[in-house]
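Reviewing the structure listed below.
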Amino acid sequence: MSSVTDPATKKTPGSAATPPFPVLTTLILVTGIALAAFGWYAFSHWIRGSDDVTWYPPEQECNLHQEGCTATLGDRGNVALKVDTEGRIEALEPLPLEVAVQGINARSATVDFVGRDMDMGLNRFSLEADGPNRFSGLGQLGVCTQDVMPWRARVILETPSGRIGSWFDFDVARS
């Protein structure tokens with residue numbers, strides 16, 4: 001028996017009207033998206049890397065909303081961070097940052113704002129030298145959907161003997 005072809009559609013009576021679901025194409029797309037997400041995650045942690053920083057924990061609590069904070073960097077000296085705002089630190093507002101160093105020959109200073117409970121992306125701000133061991137610049141915090149977002153300000157100093165730093169914890173209430 002010969003098959004009859006409809007001249008208007010050029011289809012045989014038994015042929016399917018829709019093409020089969022592209023399983024292989026979908027799997028390739030999903031794999032590509034997964035690899036891109038993994039690559040972004042690895043890249044963001046690499047660029048934010050602090051593996052080569054010698055960290056010195058703060059010895060006392062302070063309130064960056066009200067005053068500058070100081071940490072001792074072992075027997076090397078100390079570092080102070082001041083966020084010069086009128087009132088509370090707010091998300092998405094420019095934050096004047098001041099870092100002062102004593103007892104250490106710092107070539108540069110950087111402040112990272114890191115979410116303590118969640119990844120908030122890269123919030124790194126390089127400061128300009130204002131004089132010997134004094135640095136300043138502007139920073140900014142990202143916005144969060146939580147009512148109170150716990151942040152950590154990490155101060156990293158580039159010194160002739162390597163990178164050293166400390167951190168100061170604070171919370172920002174959503175306005």
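Computed from heavy atoms alone, side chains included, the values below leave out hydrogens, waters and symmetry copies.
A 4.5 Å side-chain heavy-atom check between Leu95 and Leu138 finds every atom pair outside the cut-off. For the pair Thr72 and Glu59, the minimum side-chain heavy-atom distance is below 4.5 Å. Side-chain atoms of Arg154 and Trp55, non-hydrogen and from C-beta on, do get closer than 4.5 Å to each other. The closest side-chain heavy-atom distance from Val155 to Phe168 is below 4.5 Å. Proximity of Tyr56 to Arg76: side-chain heavy atoms (C-beta onward) are separated by under 4.5 Å at one or more points. Proximity of Trp151 to Val114: side-chain heavy atoms (C-beta onward) are nowhere separated by under 4.5 Å.
When each of Asn123, Val83, Ile89 is checked for a side chain to side chain contact (heavy atoms under 4.5 Å, CB included) with Leu141, only Ile89 meets the rule.
Under the side-chain hydrogen bond (donor to acceptor under 3.5 Å, both in side chains) criterion, Ser161 pairs with Thr159, not counting sequence neighbours. By the side chain to side chain contact (heavy atoms under 4.5 Å, CB included) test, Pro57 pairs with Trp167, sequence neighbours left out. Evaluation of the salt bridge (charged side-chain N to carboxylate O under 4.0 Å, His left out) rule for Arg152 yields Asp169 as partners, not counting sequence neighbours. Shown here are the side chain to side chain contact (heavy atoms under 4.5 Å, CB included) partners of Thr70, two or more places apart in sequence or in another chain: Asn78, Ala80. The side chain to side chain contact (heavy atoms under 4.5 Å, CB included) check on Leu92 picks up Gln140, Val143, with sequence neighbours excluded.
Under the 4.5 angstrom side-chain criterion for Ile, Leu, Val, Met, Phe, Trp and Tyr, the cluster partners of Ile28 are Leu24.
Between the side chain of Arg116 and the backbone N or O of Phe170, at least one donor-acceptor pair lies under 3.5 Å. Using modelled atom types, no side-chain atom of His65 and backbone atom of Arg88 make a donor-acceptor pair closer than 3.5 Å. With hydrogens and angles ignored, the 3.5 Å screen pairs no side-chain donor or acceptor of Ser126 with any backbone N or O of Thr110.
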Atom pairs and distances, donor-acceptor, side-chain atoms in residues 130-137, under 3.5 Å, two or more places apart:
| residue | atom | partner | partner atom | Å |
| --- | --- | --- | --- | --- |
| Asp130 | OD1 | Ser136 | OG | 3.1 |
| Asp130 | OD2 | Ser136 | OG | 2.6 |
| Asn133 | OD1 | Ala106 | N | 3.0 |
| Asn133 | ND2 | Ile104 | O | 3.0 |

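Residue pairs satisfying the disulfide bond (SG atoms under 2.5 Å apart) criterion with at least one member in residues 96-130, sequence neighbours excluded, are absent. Listed by first and then second residue, the side-chain hydrogen bond (donor to acceptor under 3.5 Å, both in side chains) pairs that reach into residues 89-101 are Glu90-Ser175, sequence neighbours excluded.
Looking at every heavy atom in both residues, Met149 comes nearest to Gly115 through CE-CA, 3.5 Å. Taking both residues in full, the closest heavy atoms of Leu81 and Leu64 are given as O-CD2, 3.7 Å, listed atom of the first, atom of the second, then distance.
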_Checking Val99 against Val79 for the side-chain contact (heavy atoms from CB on, under 4.5 Å) test, could you report, in this order, the C-alpha distance in whole Å, the side-chain angles of both residues, the deciding distance, and whether it holds?_
CA-CA 7 Å; Val99 170; Val79 62; 3.7 Å; yes
*Passes side-chain contact (heavy atoms from CB on, under 4.5 Å), Leu127 versus Leu97? Steps please.*
CA-CA 8 Å; Leu127 306 182; Leu97 305 173; 4.1 Å; yes
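Heavy atoms from other residues, nucleotides or ligands lying under 6.0 Å from CD of Gln60 number 12 at most.
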